[in-house]
Amino acid sequence: MGFAKVAFQADTGISDAAFAFGAGVFFVGYALFEVPSNLIMHRIGARIWMCRIMVTWGLVSARDDVCP
C-alpha cells in the first residue's frame, strides 16, 4: 500500500489522514478475517480453500465490471 499511496492520492485527491484511516480499516478487516480463514483452510484443505477464494474473487471482479 505504501508504494501506491502517492499515485492513489494524486488520482483521488484524498488527504494523508483519509489515506491513513482507510489503511487502518483495511488492516483491521484483514486481521479479523485472516485467523478464521486460516482455521477453515486447515480444516478443509488448502486446495479447496484456495479454489474457493479464486472463484469468489472472480465473481466479485465480474460483478464490478457489470455495475457502473
Side-chain angles (χ1 to χ4, degrees):
M1 288 180 62
F3 291 117
K5 179 183 177 192
V6 175
F8 183 73
Q9 284 182 312
D11 289 345
T12 60
I14 65 171
S15 67
D16 285 336
F19 183 83
F21 177 74
V25 169
F26 175 79
F27 174 77
V28 169
Y30 183 79
L32 286 175
F33 289 110
E34 184 67 19
V35 172
S37 177
N38 284 330
L39 293 173
I40 294 168
M41 182 182 70
H42 181 71
R43 187 173 296 160
I44 66 171
R47 183 176 292 170
I48 293 172
W49 194 244
M50 294 300 287
C51 180
R52 196 273 320 157
I53 289 171
M54 288 191 299
V55 168
T56 302
W57 274 109
L59 290 172
V60 169
S61 297
R63 179 71 178 143
D64 187 40
D65 289 341
V66 174
C67 295

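To the nearest 0.5 Å, the span separating CG on Leu39 from CD on Glu34 amounts to 10.0 Å. With values rounded to the nearest 0.5 angstrom, Phe33 atom CZ is found 13.5 Å from Asn38 atom CG.
Phe21 and Ile14 sit in two unconnected hydrophobic clusters of ILVMFWY residues. Membership requires side-chain heavy atoms under 4.5 Å apart, directly or through other members. Hydrophobic clustering of Ile, Leu, Val, Met, Phe, Trp and Tyr side chains at less than 4.5 Å, counting indirect connections, unites Met50 with Trp57.
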Do Ile40 and Arg43 pass the side chain to side chain contact (heavy atoms under 4.5 Å, CB included) test, and can you show the C-alpha distance, the side-chain angles, and the key distance before you say yes or no? CA-CA 5 Å; Ile40 294 168; Arg43 187 173 296 160; 5.6 Å; no
